[in-house]
Amino acid sequence: MFAQKKHRSFGNISQVCVVGMFPPPLNGMSAVTSMIHSLLVAYGSENVETIDCSPKVYRLRTPVARARKFIRIIGLLYKFHLWCISREGGKIYLSVSGRLGQIYDLLFVCIARFHGKNVYLHHHGYLYIERKNFLASILFKVAGKSAIHIAACEKMALELANMYSIISNTRVISGVICLPEVEKVPSVRAKLRTVGFLSNISAEKGIFEFIDSAIVLSKVFPELNFIIAGQFQDASSERAVTNFIQQVKSAHYVGPVYGNDKTGMLDSIDCLLFPTHTESEGLVIHEAHSRCVPVIARSTGCIASFNEKGLNLTASDATDFVEQAVAIISKWISVSEDFLKLSAKVYHNHLEFRKKNDKAVREIVKEIAIER
């Protein structure tokens with residue numbers, strides 16, 4: 001994989017500090033931060049500093065846990081300050097938090113700007129893009145007009161610049177870069193026999209819309225199977241899935257899946273329903289497409305910009321999602337030739353999309369790593 005290769009350059013290697021969440025826990029933000037770090041290390045490991053802001057064991061929301069986290073962050077800020085004063089020039093790459101974590105982001109950027117460091121801010125969420133956020137406004141103003149902002153899609157980059165006028169330099173890198181490359185060509189789906197759900201299981205991720213869609217489909221197509229995979233996030237979602245499995249005999253819950261088990265789950269389904277309310281990009285969409293699995297998803301965040309990539313999108317409200325998902329799946333079952341073509345198309349589009357973003361991430365990492 002290209003991330004493991006050493007690069008030769010025609011410029012001086014820049015001093016870089018990567019600030020953000022690293023696994024564990026593993027999520028979209030920490031996976032991308034880890035990937036960017038690996039690519040920067042490939043240019044010169046002795047020049048890359050790491051500031052890991054992951055919550056680790058401080059995820060509990062107790063006063064003691066919050067105090068320990070605060071003390072830890074203060075230590076990381078001091079470490080970053082020492083890094084800044086010990087190096088001339090240099091750059092900071094920071095993964096922007098979505099909520100109150102931006103307070104810490106602001107402190108890191110204040111220190112970076114005080115020491116004259118160039119700032120790269122990588123955006124992963126839509127919370128402060130859908131609605132203007134005071135904390136984000138201050139963060140971006142402190143970062144300055146010279147800051148480079150990295151977005152997950154062209155739509156996010158445009159909306160960022162429209163929402164916050166201080167932003168003028170943007171780059172685009174999809175989270176698809178942190179997924180494993182496809183080693184073996186998957187099987188194209190000739191017929192739709194199994195519909196799947198793969199995500200944390202909660203109302204925010206759309207489990208109730210999935211269940212509603214599946215119940216309607218099971219009455220029209222009793223031979224259709226349903227598979228749910230993921231970790232329950234609350235008791236109400238767990239009760240809903242348990243009742244659904246008891247009601248629909250062709251429905252199964254397989255628990256959380258990772259690594260090869262996740263690949264196996266995707267290979268066992270023919271279509272993925274992803275009615276998320278909160279996702280900014282949805283890496284599971286790219287994972288499904290890499291296995292020739294068409295996806296029906298709610299068009300939140302960057303997902304809306306994937307329509308031309310062969311992804312069937314539906315309206316944003318729950319009623320429309322269920323109605324349209326049922327209509328789309330019914331058509332795919334009735335016209336298997338069209339479904340086969342779509343299955344092949346989403347895989348082809350995934351390869352092209354992955355190739356485009358592999359190139360984009362190489363370019364931005366080179367920009368960060370080489371001192372101009």
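If you read the sequence from its start, that first residue is 1, and numbering goes on from there.
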Quiz item: If you group Ile, Leu, Val, Met, Phe, Trp and Tyr by side-chain heavy-atom gaps below 4.5 Å, do Val32 and Tyr43 land in one group?
Solution: yes
Practice problem: Given side chain to side chain donor-acceptor pair (under 3.5 Å), test Thr50 with His37 step by step and report yes or no. | Solution: CA-CA 8 Å; Thr50 302; His37 178 266; 2.8 Å; yes
Exercise. Any chance you could lay out the side chain to side chain donor-acceptor pair (under 3.5 Å) test for His286 and His350, step after step, and finish with the verdict?
Key: CA-CA 7 Å; His286 303 305; His350 168 78; 4.9 Å; no
Quiz item: Atom CD in Gln231, atom CD in Glu238: separation rounded to 0.5 Å?
Solution: 9.0 Å
Practice problem: Decide, based on the SG atoms alone, whether Cys17 and Cys84 are under 2.5 Å apart. | Solution: no
Self-check item: Heavy-atom closest contact (Asn169 atom, Ala147 atom, distance)
Solution: CB-O, 3.6 Å
Quiz item: Quick check: are there more than 12 heavy atoms from other residues, nucleotides or ligands sitting under 6.0 Å from CG of Asn260?
Solution: no
Quiz prompt | Check against side-chain contact (heavy atoms from CB on, under 4.5 Å), Met21 and Asn27 | solution = CA-CA 9 Å; Met21 290 178 58; Asn27 53 40; 3.6 Å; yes
Quiz prompt | For the student: nearest non-hydrogen atoms of Ala136 and Gln102, plus distance | solution = N-OE1, 3.3 Å
Practice problem: Can you measure from NE2 (His123) to SG (Cys153) and round to the nearest 0.5 angstrom? | Solution: 12.0 Å
Quiz prompt | Ion pair Lys155/Glu159, N-O distance below 4.0 Å | solution = yes
Quiz item: Roughly how far apart are Ser330 OG and Leu217 CG, rounded to 0.5 Å?
Solution: 5.5 Å
Practice problem: Show your working on side chain to side chain donor-acceptor pair (under 3.5 Å) between Ser54 and Asp52 and close with a plain yes or no. | Solution: CA-CA 6 Å; Ser54 297; Asp52 184 1; 2.9 Å; yes
Quiz item: Given the side-chain rings of Phe232 and Tyr253, with only the six-membered ring counted for Trp, is the space between their centroids under 6.0 Å?
Solution: yes
Quiz item: Under 3.5 Å, is there a donor-acceptor pair between the side chain of Arg171 and the main chain of Tyr120?
Solution: no
Practice problem: Would you mind checking if Asp358 and Arg354 are paired as a salt bridge, meaning a charged N to carboxylate O distance below 4.0 Å? | Solution: yes
Self-check item: Any donor-acceptor N/O pair, Tyr164 side chain to Asn133 backbone, under 3.5 Å
Solution: yes
Exercise. Check Ile227 against Ser268 and note the closest heavy-atom contact, atom names and distance.
Key: CD1-OG, 3.7 Å
Exercise. Find out whether Ile51 and Lys79 are in side-chain contact, i.e. whether some heavy atom of one side chain is under 4.5 Å from a heavy atom of the other.
Key: yes
Quiz item: Do Val172 and Ile177 share a hydrophobic cluster (ILVMFWY, side-chain heavy atoms under 4.5 Å, transitive)?
Solution: no
Quiz item: Below 4.5 Å, heavy atoms only, C-beta onward: do Phe321 and Ile296 meet side chain to side chain?
Solution: yes
Quiz prompt | Test side chain to side chain contact (heavy atoms under 4.5 Å, CB included) applied to Phe274 and Thr300, Ile303, Leu198, the passing residue | solution = Ile303
Quiz item: In terms of hydrophobic clustering (I, L, V, M, F, W, Y; side-chain heavy atoms under 4.5 Å; direct or indirect links), are Ile368 and Leu94 co-clustered?
Solution: no
Quiz item: Heavy-atom distance under 4.5 Å between the side chains of Phe210 and Val195, does that happen here?
Solution: yes
Exercise. Using a 4.5 Å cut-off on heavy atoms from C-beta on, say whether the side chain of Leu192 contacts that of Leu224.
Key: yes
Quiz prompt | Distance (rounded to the nearest 0.5 Å) between Ser34 OG and Met29 CE | solution = 13.5 Å
Quiz item: Mind checking whether Ser174 and Val361 have side chains closer than 4.5 Å, heavy atoms only?
Solution: no
Quiz item: Hey, any chance Val322 and Phe221 share a hydrophobic cluster, counting ILVMFWY side chains that come within less than 4.5 Å of each other, even indirectly?
Solution: yes
Quiz item: Relative to Trp332, does Lys191 satisfy both conditions: NZ or CZ under 6.0 angstrom from the six-membered ring centre, and within 45 degrees of the ring's axis?
Solution: no
Exercise. Report the distance from atom CZ of Phe22 to atom OG of Ser95, rounding to the nearest 0.5 Å.
Key: 8.0 Å
Practice problem: Using modelled atom types only, decide if a donor and an acceptor are shared between the side chain of Thr194 and the backbone of Phe226 within a distance under 3.5 Å. | Solution: no
Quiz item: Ile138 and Phe134: side-chain contact (heavy atoms from CB on, under 4.5 Å), yes or no, with the steps?
Solution: CA-CA 6 Å; Ile138 298 299; Phe134 174 76; 3.9 Å; yes
Practice problem: For Arg298 and Glu209, run salt bridge (Lys or Arg N to Asp or Glu O under 4.0 Å): C-alpha distance rounded to whole Å, both residues' side-chain angles, the deciding distance at 0.1 Å, then the answer. | Solution: CA-CA 10 Å; Arg298 176 175 277 109; Glu209 289 91 331; 3.4 Å; yes
Practice problem: Determine yes or no for a side-chain-to-main-chain donor-acceptor pair under 3.5 angstrom, with Lys141 supplying the side chain and Ile166 the backbone. | Solution: no
Self-check item: Backbone of Lys91 reached by a side-chain donor or acceptor of Asn118 within 3.5 Å
Solution: no
Self-check item: Check: His81 ring centroid to Phe114 ring centroid under 6.0 Å
Solution: no
Quiz prompt | Any side-chain donor near an acceptor of the partner, Ser305 and Glu154, under 3.5 Å | solution = no
Quiz item: Within the distance-only criterion (no hydrogens, no angle test), does the side chain of Asn357 pair as donor or acceptor with the backbone N or O of Ile173 below 3.5 angstrom?
Solution: no
Quiz item: Are the side chain of Ser237 and the backbone N or O of Gln233 linked by a donor-acceptor pair below 3.5 Å?
Solution: no
Exercise. Could you walk me through whether Ser97 and Asp105 pass the side chain to side chain donor-acceptor pair (under 3.5 Å) test, one step at a time?
Key: CA-CA 7 Å; Ser97 303; Asp105 294 346; 3.2 Å; yes
Quiz item: Just wondering, more than 12 heavy atoms not from Glu88 lying within 6.0 Å of its CD?
Solution: no
Quiz prompt | Nearest non-hydrogen partners of Leu127 and Gly98, listed with the distance | solution = CD1-O, 3.8 Å
Quiz prompt | N/O donor-acceptor pair under 3.5 Å between Arg189 side chain and Ser187 backbone | solution = yes
Exercise. Examine distances only and state if a side-chain atom of Asn47 and a backbone atom of Val16 form a donor-acceptor pair shorter than 3.5 Å.
Key: no
Quiz item: Which atoms form the tightest heavy-atom contact between Pro222 and Ser250, and what is the distance?
Solution: O-OG, 4.4 Å
Exercise. Please tell me if the side chains of Pro294 and Leu272 come closer than 4.5 Å, counting only heavy atoms from C-beta onward.
Key: no
Quiz prompt | Side-chain H-bond candidate by donor/acceptor type, Tyr93 with His122, under 3.5 Å | solution = yes
Quiz item: Do you know the tightest heavy-atom contact between Glu281 and Cys302?
Solution: CA-CB, 4.2 Å
Practice problem: For residues Ile129 and Tyr126, determine if any side-chain heavy atom of one lies less than 4.5 Å from a side-chain heavy atom of the other. | Solution: yes
Quiz prompt | Cluster overlap Leu283 with Val346, hydrophobic side-chain contacts below 4.5 Å | solution = no
Self-check item: Met265 CE to Ile228 CD1 distance, which is reported to the nearest 0.5 Å
Solution: 8.5 Å
Quiz prompt | Residue Lys341 excluded, over 12 heavy atoms near NZ under 6.0 Å | solution = no
Quiz item: Are any non-hydrogen side-chain atoms of Ile333 and Phe339 less than 4.5 angstrom apart?
Solution: no
Quiz prompt | Ser199 side-chain N/O to Ile201 backbone N/O, donor-acceptor pair under 3.5 Å | solution = no
Exercise. Evaluate the criterion side-chain contact (heavy atoms from CB on, under 4.5 Å) for residue pair Val295 and Cys271; output intermediate values, then yes/no.
Key: CA-CA 6 Å; Val295 181; Cys271 163; over 6 Å; no
